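What follows is a short report on a single structure.
Being a predicted model, the structure only gives us computed values, none of them experimental. Order of listing sets the numbers, starting from 1, for every ligand and every atom in it. The analysis underlying the following values was restricted to heavy atoms, covering all of them including side chains, and did not include hydrogens, waters or symmetry mates.
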Amino acid sequence: MSEKILVIGANGQIGTELVRALRMKYGSENVVAADIHNSAFPQSDGPFEHVNVMQDTELHYIFEKYHPTQVYLLAAMLSATGEQFPKKAWDLNMTGLIHVLDFARAYKPVKVFWPSSIAAFGPNSPRENTPQYCVMDPNTVYGFSKLAGERWCEYYHTKYGVDVRSLRYPGLIGWRSAPGGGTTDYAVNIFHEALENGKYESFLSADTALPMMYMDDVIHATLQLMDAPAEQVKIRSSYNLAGISFTPAQLAAEIKKQVPGFEITYAQNDPRQAIADSWPRSIADTCAQNDWGWKPQYDLPAMVSDMLKNLKSI
Ligand code: NAD
């Protein structure tokens, strides 16, 4: 069967990269980028639709027009912004997901991808090598919207046979797109500031380790999970996914090797510190490795070299 793919939230940090990768794989005309804002893509790149995922009628129009075989739902409000607008974050993150799951159920067979996050863990989750199954008591709206979303995904799979697949993304680092209001945004901003000004003030403290991943690995993991035979996808809530864990100090030291003279300082009392302190420092992803063969390609030095090389060439 030929694929018709819909990416909702296509203009964002992950969407811009995912649409590009999907268009290379499936052909531009088969990948519909959709977002509430004007297209971030040149018109010649492929189809674009305005859609508000909160509006049933708009989703209905798109499902009728394209009959997608795969839907990637990336529209969400992220951790730091979500703490400023808690009810809006809950509303968008839950209603958007349930709308898409309902349409996937009605228009079966449709494969759905929806990202959860390391934010679904909380202060009483084990912080080192956080396992797939453990106490999860997230204390941000974003975090508990992700945990509830995971339960909805498993529910729609078990009750209604929806082929929904999900990854608990770590913090994501890429050079093509700007981050969208998360707690790990520092790890993208630092590269821009290093090249433009030779210095950066981190809003997280020097020793705040967090699980992170280079965008190439994220896209690779996402496509690999979506390509896996259904019987290999044994977890229908969301898979732990590990890449690299590092602190701002370790990242700065690696950047300094390639940007001589680079200096980092640390802000005090940023509200994002408390969010980071409630998240895992590293993740165990043995289920993803065993079930569908996950293996990241980038370590810290490789990621830093690739980021700097690409940012210098823009
Ligand atoms: P982003 O904020 O960069 O992009 C989200 C996109 O959704 C934006 O283009 C926005 O215009 C669009 N959008 C917002 N409301 C919409 C609506 N009502 N209808 C349609 N589109 C709407 O986010 P991102 O960083 O690309 O994240 C994508 C997904 O990955 C989210 O679910 C996020 O929680 C998850 N995630 C991201 C990270 C990260 O580090 N970026 C980490 C873990 C999980």
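Atom CG of N269 sits in a sparse spot, with 12 or fewer heavy atoms from other residues, nucleotides or ligands closer than 6.0 Å. Annotation for Y61: atom OH does not count as buried by contact number, only 12 or fewer foreign heavy atoms lying within 6.0 Å. Counting non-hydrogen atoms of other residues, nucleotides and ligands closer than 6.0 Å to NZ of K25 gives a total above 12. More than 12 heavy atoms of other shown residues, nucleotides or ligands fall within 6.0 angstrom of atom NZ in K108. Within 6.0 Å of CH2 on W90 lie more than 12 heavy atoms contributed by other residues, nucleotides or ligands. More than 12 heavy atoms of other shown residues, nucleotides or ligands fall within 6.0 angstrom of atom CD in E64.
Y169 CB, 3.3 Å is the protein heavy atom nearest to atom 43 (C) of ligand 1. Looking from atom 9 (O) of ligand 1 to the surrounding protein, the closest heavy atom is D35 OD2, 2.7 Å. Ranking the protein heavy atoms by distance from atom 31 (C) of ligand 1 puts L74 O, 3.5 Å first. In this structure, the protein non-hydrogen atom closest to atom 3 (O) of ligand 1 is Q13 N, 2.8 Å. At the top of the distance list for atom 42 (C) of ligand 1, counting protein heavy atoms only, stands P170 O, 3.2 Å. For atom 4 (O) of ligand 1, the closest non-hydrogen atom of the protein is G12 CA, 3.2 Å. Of all protein heavy atoms, the one closest to atom 21 (N) of ligand 1 is I36 N, 3.4 Å. The protein heavy-atom contact nearest to atom 27 (O) of ligand 1 is I14 CD1, 3.6 Å.
Each of the following atoms of ligand 1 lies closer than 4.0 Å to a heavy atom of V51: 19 (N), 20 (C). When each atom of ligand 1 is checked for a heavy atom of A75 under 4.0 Å away, the hits are 7 (O), 13 (N), 16 (C), 20 (C), 21 (N), 22 (C). Within the listing of ligand 1, atoms 15 (N), 18 (N) sit less than 4.0 angstrom from a heavy atom of L92. In summary, the atoms of ligand 1 found under 4.0 Å from a heavy atom of T184, numbered by their order in the structure, are 40 (O). Those atoms of ligand 1 with a heavy atom of N52 less than 4.0 angstrom away are 17 (C), 18 (N), 19 (N).
Contact record, A221 with W294: CB-CZ3, 3.4 Å, taken as the closest heavy-atom pair. Heavy atoms only, all atoms of each residue included: I118 and P280 are closest at O-CD, 3.6 Å.
Taking the six-membered ring where tryptophan is involved, the planes of Y107 and H60 are perpendicular, since the angle between them exceeds 60° and thus also 30°.
For H37, every heavy-atom contact with ligand 1 shorter than 4.0 Å involves the side chain, none the backbone. For L78, every heavy-atom contact with ligand 1 shorter than 4.0 Å involves the side chain, none the backbone. At a heavy-atom distance under 4.0 Å, only backbone atoms of S116 (N, CA, C or O) approach ligand 1. No part of N93 comes within 4.0 Å of ligand 1, judged by heavy-atom distances.
Within the 4.0 Å heavy-atom shell around ligand 1 one finds Y142. Between A10 and ligand 1 there is no heavy-atom distance shorter than 4.0 Å. A heavy-atom separation below 4.0 Å is not found between M77 and ligand 1. Close to ligand 1: G171, with a non-hydrogen atom less than 4.0 angstrom away.
Of all the listed residues (D91, L172, N11), L172 holds the heavy atom that lies closest to atom 40 (O) of ligand 1.
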Item to check | Derivation and outcome, side chain to side chain contact (heavy atoms under 4.5 Å, CB included), residues V164 and E154 | outcome: CA-CA 8 Å; V164 54; E154 190 182 284; over 6 Å; no
Next on the checklist: The test is side-chain hydrogen bond (donor to acceptor under 3.5 Å, both in side chains); show your working for T183 and S79 and say whether it passes.
Outcome noted: CA-CA 6 Å; T183 302; S79 55; 2.9 Å; yes
Checklist entry - Between E263 and Y200, is a side-chain hydrogen bond (donor to acceptor under 3.5 Å, both in side chains) present by the stated rule, with each step listed? => result CA-CA 7 Å; E263 292 295 340; Y200 178 67; over 6 Å; no
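E254 has a carboxylate O that lies under 4.0 Å from a charged side-chain N of K257, or vice versa, which qualifies the two as a salt bridge.
The shortest N or O to N or O distance between P179 and ligand 1 is not below 3.5 Å. Taking only nitrogen or oxygen atoms, main chain and side chain alike, V53 reaches within less than 3.5 Å of ligand 1.
Relative to the six-membered ring of F113, R165 misses at least one condition, a distance below 6.0 Å or an angle of at most 45° to the axis.
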